[in-house]
*Asks:* 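The structure under discussion is supplied below as structure tokens; questions concerning it will follow.
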Amino acid sequence: MTQRLPLDALLAVERVLAYRADVTGEIPGGEVWPSRTPDHHVRKALGHVMEWQSGINTDHETGEDPLAHAAARLLFALALRERRNRGNP
């Protein structure tokens with residue numbers, strides 16, 4: 001079977017979400033991120049991309065790559081759009 005998604009990148013996103021859950025008590029996939037708009041998540045993702053572009057290779061809180069944070073935010077935005085397009089708010 002061909003691996004279509006890079007496992008190492010997905011694991012980095014999972015570490016970001018796990019850190020957030022440990023610090024805030026927010027369960028990944030819980031009720032907090034769906035309450036935000038796709039635009040909110042995209043703005044946050046762009047902030048992480050800008051950090052990365054400015055030479056920041058490690059998030060000061062999590063120790064993870066800012067691109068892992070950006071990927072998590074973009075996945076949230078995409079999930080919200082997919083749900084809306086399928087009629088599931």
Side-chain angles (χ1 to χ4, degrees):
M1 183 169 97
T2 303
Q3 183 179 339
R4 295 173 195 256
L5 293 172
L7 184 57
D8 47 356
L10 293 174
L11 291 172
V13 170
E14 174 58 29
R15 288 191 303 269
V16 166
L17 297 178
Y19 176 87
R20 180 127 181 101
D22 289 344
V23 169
T24 66
E26 178 183 338
I27 299 168
E31 295 302 316
V32 176
W33 70 265
S35 68
R36 307 288 189 183
T37 66
D39 287 341
H40 170 84
H41 291 295
V42 170
R43 279 193 306 275
K44 292 289 192 174
L46 291 173
H48 291 297
V49 170
M50 289 172 56
E51 287 177 357
W52 174 76
Q53 285 183 320
S54 72
I56 297 171
N57 293 314
T58 305
D59 180 77
H60 70 279
E61 267 188 272
T62 65
E64 295 295 333
D65 192 311
L67 293 181
H69 287 265
R73 289 294 188 159
L74 290 173
L75 286 170
F76 290 156
L78 179 59
L80 291 169
R81 289 177 50 85
E82 287 291 313
R83 290 173 185 186
R84 182 173 51 206
N85 290 341
R86 289 193 170 92
N88 297 331

*Asks:* Is there a path of hydrophobic side-chain contacts, each under 4.5 Å between heavy atoms of I, L, V, M, F, W or Y residues, that connects Leu46 with Leu74?
*Replies:* yes
*Asks:* With distance as the sole test, does Tyr19 use its side chain to make a donor-acceptor pair with the main-chain N or O of Gly63 at under 3.5 Å?
*Replies:* no
*Asks:* Kindly give the heavy-atom pair with the smallest separation between Val13 and Ala68, and that separation in Å.
*Replies:* CG2-O, 3.7 Å
*Asks:* To the nearest 0.5 Å, what is the distance between CZ on Arg43 and OG1 on Thr37?
*Replies:* 5.5 Å
*Asks:* Rounded to the nearest 0.5 Å, what separation is found between the CG atom of Leu17 and the CD atom of Glu64?
*Replies:* 10.5 Å
*Asks:* Quick check for you: to the nearest 0.5 Å, what is the distance between Asp39 atom CG and Lys44 atom NZ?
*Replies:* 13.5 Å
*Asks:* State which residues pass side chain to side chain contact (heavy atoms under 4.5 Å, CB included) with Leu10; sequence neighbours excluded, sorted by chain then number.
*Replies:* Leu5
*Asks:* Within this structure, what is the CD-NE2 distance for the pair Glu51 and His60, rounded to the nearest 0.5 Å?
*Replies:* 8.0 Å
*Asks:* Taking the side chain as every heavy atom from C-beta outward, state whether Asp59 and Asp65 have any pair of such atoms under 4.5 Å apart.
*Replies:* no
*Asks:* Can you list everything that forms a salt bridge (Lys or Arg N to Asp or Glu O under 4.0 Å) with Arg81? Sequence neighbours excluded, please.
*Replies:* none
*Asks:* For the backbone of Trp33 and the side chain of His41, can you confirm whether one donor and one acceptor N or O come within less than 3.5 Å of each other?
*Replies:* yes
*Asks:* Looking only at heavy atoms, what is the nearest atom pair of Leu80 and Arg36, with distance?
*Replies:* CD1-O, 3.2 Å
